[in-house]
Amino acid sequence: MVTVGVIALVVALVAVTLARLGTRSAHATRLACADVPNRRGRAVVSGVVEPLSETLVYAPVSGRSCVWFTSTIVEYWVERDNDRVRDFDGDGPLHHGEIRPARRGRGRTETQSSQRPFLVRDDTGAVRVDPAGLRVGHLPVSVRDSVSGIPSSGGAIAVDFAPGARRMRRSSRLDRTEVVLLPGERVYLTGQITRGRDGTPVLGGRGLTVSRRDPAESARLPQLGARAGWTLGAVAGLIGVAALVAGSARH
């Protein structure tokens, strides 16, 4: 019984911890831009995005001028034996039995995001947004494509019998994705209200998220999970205490 009690208490502790995290992630106050200067904590602001100045930023993959962007490039490579180099016997190209299977792998991953602040505006005013660490929620992908990392040379390739000819040839594919925010696009921004060096209220901080979907809809699942966690924690805690008391009474 003591073992059962300890296990139940551990389950209760885990459930309560998850419930607290779910409650924290689901808690954010909906504010108009005009109310942001008078509030602190985590907030949701809805409006259209605008550049802080007249200058827009340049998205490197799509080439579009925008308020903010994030681009990711992932390299996938393939290495194959070059069948047009001198074989080990020195009598001609590699024989079929001497060619090794192709080798594939994932290379570098590069992510680039705009760090220039921008504005979110509604009917009551505007709030400055610090996009450092901005995460994408529900936004359409502007670019998703694949391009060749090393362009192939057309035409026939002659057998290379020169000393030191490369046995392997390598090709790569670059998978590119990019999300952009265009001027006038209406979004929901969820983040922490902070103060800039000049005292101006700024929406940003840890967990800053941009989405076209109302966060209230996305918060329903964490809220349900939090309620289930609190309930499970309470029940498991009661079972654990009862089991420990019963085990102690036997001794």
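For the single chain, residues carry numbers from 1 onward in sequence order.
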Membership question, hydrophobic clusters at under 4.5 Å side-chain separation (ILVMFWY): are [Y] and [X] in the same one?
X      : Y      : value
Phe69  : Val67  : no
Val179 : Val61  : no
Val49  : Val44  : no
Val45  : Leu134 : yes
Leu182 : Val210 : no

Legend entry - Partner residues of Arg212 under the salt bridge (Lys or Arg N to Asp or Glu O under 4.0 Å) criterion, sequence neighbours left out: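 Testing Arg212 for salt bridge (Lys or Arg N to Asp or Glu O under 4.0 Å), a comparison that skips the adjacent residues, returns Glu185.
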
Legend entry - Residues which pass salt bridge (Lys or Arg N to Asp or Glu O under 4.0 Å) with Glu178, listed by chain and number, not counting sequence neighbours: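 Applying salt bridge (Lys or Arg N to Asp or Glu O under 4.0 Å) to Glu178 gives none.
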
Inset, instruction - Please collect all side chain to side chain donor-acceptor pair (under 3.5 Å) contacts where either partner lies in residues 187-199, sequence neighbours excluded, each pair once. - result: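 Non-adjacent pairs meeting side chain to side chain donor-acceptor pair (under 3.5 Å): Asp198-Thr200.
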
Legend entry - Selection residues 124-137 - residue pairs positive for side chain to side chain donor-acceptor pair (under 3.5 Å), sequence neighbours left out: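 Listed once each, the pairs are Asp122-Thr124.
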
Interatomic distance, [X] atom [atom1] to [Y] atom [atom2] [nearest 0.5 angstrom]:
X      : Y      : atom1 : atom2 : value
Ser172 : Leu174 : OG    : CG    : 5.0 Å
Cys66  : Phe118 : SG    : CZ    : 10.0 Å
Leu189 : Thr209 : CG    : OG1   : 9.0 Å
Arg173 : Tyr76  : CZ    : OH    : 6.5 Å

So [Y] and [X], do their side chains get closer than 4.5 Å, heavy atoms only?
X      : Y      : value
Val180 : Trp68  : no
Leu208 : Val129 : yes
Arg176 : Thr72  : no
Leu181 : Val187 : yes
Ser113 : Thr111 : yes
Val57  : Ser65  : no
Glu50  : Pro183 : no

Shortest non-hydrogen contact from [X] to [Y]?
X      : Y      : value
Val202 : Gly196 : CG2-N, 3.9 Å
Leu119 : Pro51  : CD1-O, 4.2 Å
Pro131 : Pro117 : CD-CA, 3.7 Å

Inset, instruction - Could you check Thr29 against Asp35 for side-chain contact (heavy atoms from CB on, under 4.5 Å), going step by step and ending with a plain yes or no? - result: CA-CA 11 Å; Thr29 305; Asp35 298 328; over 6 Å; no

Inset, instruction - Could you list the residues that satisfy side-chain hydrogen bond (donor to acceptor under 3.5 Å, both in side chains) with Arg30, not counting sequence neighbours? - result: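 For Arg30, the residues satisfying side-chain hydrogen bond (donor to acceptor under 3.5 Å, both in side chains) (neighbours in sequence not counted) are Asp214.
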
Legend entry - Qualifying residues under side-chain hydrogen bond (donor to acceptor under 3.5 Å, both in side chains), relative to Ser46, sequence neighbours excluded: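 Not a single residue meets the side-chain hydrogen bond (donor to acceptor under 3.5 Å, both in side chains) criterion with Ser46.
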
Inset, instruction - Report the C-alpha separation of Ile73 and Asp175 in whole Å, then their side-chain angles, then the decisive distance to 0.1 Å, and conclude whether the side-chain contact (heavy atoms from CB on, under 4.5 Å) test is met. - result: CA-CA 6 Å; Ile73 299 177; Asp175 286 1; over 6 Å; no

Legend entry - Sidechain-backbone polar pair: Ser211 side chain, His138 backbone, donor-acceptor under 3.5 Å: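 Yes, the answer is positive, given that a donor and an acceptor are paired below the 3.5 Å cut-off.
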
Legend entry - Worked check of side-chain contact (heavy atoms from CB on, under 4.5 Å) between Arg116 and Thr55: CA-CA 10 Å; Arg116 182 177 298 177; Thr55 305; 3.3 Å; yes

